[in-house]
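One structure is given below, encoded as structure tokens.
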Amino acid sequence: MNCLRLTQFPKRCLSTRFPSLDPKLNNTKTPFSSPNSTYTTPNSHTFDTPTISQLIAKQHWSKLKTIVKETNPSSLLQHLFNSEAQPDLILCYFKWTQKEFGAIHNVEQFCRLLHLLANAKNYNKIRALLDSFAKNAHYSNSTIFHSLSVLGSWGCANSIIVDMLVWAYVKNGEMDLALEGFDRAGDYGFRLSALSCNPMLVSLVKEGRIGVVESVYKEMIRRRIGVNVVTFDVVINGLCKVGKFQKAGDVVEDMKAWGFSPSVITYNTIIDGYCKAGKMFKADALLKEMVAKRIHPNEITFNILIDGFCRDENVTAAKKVFEEMQRQGLQPNVVTYNSLINGLCSNGKLDEALGLQDKMSGMGLKPNVVTYNALINGFCKKKMLKEAREMLDDIGKRGLAPNVITFNTLIDAYGKAGRMDDAFLLRSMMLDTGVCPNVSTYNCLIVGFCREGNVKEARKLAKEMEGNGLKADLVTYNILVDALCKKGETRKAVRLLDEMFEVGLNPSHLTYNALIDGYFREGNSTAALNVRTLMEKKGRRANIVTYNVLIKGFCNKGKLEEANRLLNEMLEKGLIPNRTTYDILRDEMMEKGFIPDIDGHLYNVSISS
DNA sequence: CCCATACCCT
């Protein structure tokens, strides 16, 4: 394996600054030495270099075409290399042959061109070339890295090229290629920069691949890649998004150790994480901490808190935060109003939300499509489908465009009302409007069919969706698994579970809970318990719903001792029984004289909704 | 360059 390490990175380059990946900021000068010319023209054809250069420079493509026809595009390219033509001209010719002949040159030639451009400090051209390359990566990373290392180990050209290559992959959504490039850069000793690594981390967070984020981050530190505040903030964000607050705290310590202080952005990131995790108490504590440290909360901080309190169904607190931010001299923006409007709508206070919409207009803030979507959702929740539908037309009248969420909201509402025909009419409308259905659109329709008990049609839709290039997601599977289990076809649901593992989806509580419930309904408590074992094996701890399903299952089977044992188990694990737990136990146990067995627990636990 | 809002599964 060590044979891959052909290039030892020169020490003097360790401090070399990387040219910016932003084409507008290309100002860093880096010294390069010339790569050795080791190529020879592969055939004996002779070229008149000055003439050819002229033809390229003047873009006389038709004449050039006749010359190329006598040989082949790659030979002429090789000749240009050997005659040390201008890098720009070679690039020009290279692109032309790609366009004209669809010519794919050797990976060595490609890399040699990159090297020439790097020596000429023509970073914009390298970026552009790699960007178009990333759209259709016809060379593997392994051949590129190999060719680059063979070409020359002087200067930092390879590091810069590879940095830009990784950046190009990220920009084009080719995350696996980017990650492979990241790994190989380590193997070859090419030094990447935060300019490619930070965007890579951002994309990984967006894709929810937080485990990968963690390992890339650790590796960046290990390789001494020039990390900056953004690096830390992005990693903290990723960890908070999946509730790994302990680890996020560790990264905060890392950033301090590297001489960076947590900023308002860092605090906002963590506060938002706590808000989304339903831990408003923690969010509040952090707010106090940042104020104590004289880090001033900004409008984003307040927006985060408003949204958090609304999710916590505490609109009163949200409104207080809204007042407070104005007292602090911060102007609520569209997001502020939208968050509050959405909070009011989701908590059944539609009238107040509509009033706030007027108020924001009065403040000179234009409602945007998010505002309307929140209001449409509010109407839908109140079963006011007519008004919701009318608001869709309003969006257009306001010069705004409804988006996929607008349609999804309405489609789901029609589905919930049992009006699948109208739901499909809206789908046609969205297609006509040029709004592309996404997985959620299909999920709304699929769950609509499932409500009617029409799992066949639901599965047909799922197939159609895959035919349209959309992959079923966790929600899709959960809908289908649940529907099949409720239909008494748990075996089929289990097949879907297997499929989830095959496609790399991590089943959620909902998935397992539905299956456990399904097996109990079929009277197969052994299989139900096996599912529970499986879920724990896969790292999913039983939650309250899991226990409720298990307890209900055993109650229905008359195995009350077993149900009682599970109740105790859930209490031991610190899970607080909810209303459903209580209902199950009251119905099934109390009347059968089992009160003494559970009395001590049942009446001492707080019953949460 | 990094942090905030709207839809689908109980």
- Message: Under a plain distance cut-off of 3.5 Å, with no hydrogens placed, do Asp482(A) and Asn513(A) share a side-chain donor-acceptor pair?
- Response: no
- Item | Sugar-phosphate only, base, or nothing, as touched by Ile300(A) at under 4.0 Å among non-hydrogen atoms | base
- Task: Using a 4.0 Å heavy-atom cut-off across all strands, classify Ile304(A) as base, sugar-phosphate, or nothing.
- Result: sugar-phosphate
- Message: Considering every strand and a 4.0 Å limit on heavy-atom distances, what is the contact class for Asn438(A): base, sugar-phosphate, or nothing?
- Response: nothing
- Which pairs, with at least one residue in residues 415-424 of chain A and sequence neighbours excluded, count as a salt bridge (Lys or Arg N to Asp or Glu O under 4.0 Å)? Asp412(A)-Lys416(A), Arg419(A)-Asp422(A)
Which donor-acceptor pairs under 3.5 Å do the side chains of residues 259-268 of chain A make with protein atoms, sequence neighbours left out?
residue: Ser263(A); atom: OG; partner: Ile265(A); partner atom: N; Å: 3.1
residue: Ser263(A); atom: OG; partner: Thr266(A); partner atom: N; Å: 3.4
residue: Ser263(A); atom: OG; partner: Thr266(A); partner atom: OG1; Å: 3.3
residue: Thr266(A); atom: OG1; partner: Asp233(A); partner atom: OD1; Å: 2.8
residue: Thr266(A); atom: OG1; partner: Ser263(A); partner atom: N; Å: 2.9
residue: Tyr267(A); atom: OH; partner: Glu289(A); partner atom: OE2; Å: 2.7
residue: Asn268(A); atom: OD1; partner: Thr301(A); partner atom: OG1; Å: 2.7
residue: Asn268(A); atom: ND2; partner: Val264(A); partner atom: O; Å: 3.4
residue: Asn268(A); atom: ND2; partner: Asn298(A); partner atom: OD1; Å: 3.2

- Residue pairs fulfilling ring pair (Phe, Tyr, Trp, His ring centres under 6.0 Å) with at least one residue in residues 430-462 of chain A, sequence neighbours excluded: Phe424(A)-Phe449(A)
- Item | Contacts of type ring-ring contact (aromatic ring centres under 6.0 Å, His included), residue Tyr337(A), not counting sequence neighbours | Phe322(A)
- Message: Applying a 4.0 Å non-hydrogen cut-off, can you work out what Asn333(A) is touching in the nucleic acid: base, sugar-phosphate, or nothing?
- Response: base
- Task: Quick one: which residue pairs count as a side-chain hydrogen bond (donor to acceptor under 3.5 Å, both in side chains) with a foot in residues 444-457 of chain A, not counting sequence neighbours?
- Result: none
- Counting any heavy atom closer than 4.0 Å, what does Lys381(A) reach on the DNA or RNA strands: base, sugar-phosphate only, or nothing? nothing
- How is Lys486(A) classified with respect to the nucleic acid when contacts are heavy atoms under 4.0 Å: base, sugar-phosphate, or nothing? nothing
- Remember a base hit wins even if backbone is also touched, and classify Val234(A) as base, sugar-phosphate or nothing at under 4.0 Å, heavy atoms. sugar-phosphate
- Note on the structure: So the contacted stretch of DNA chain B, first to last nucleotide with an atom under 4.0 Å from a non-hydrogen atom of chain A, runs from dC1(B) to dT10(B)
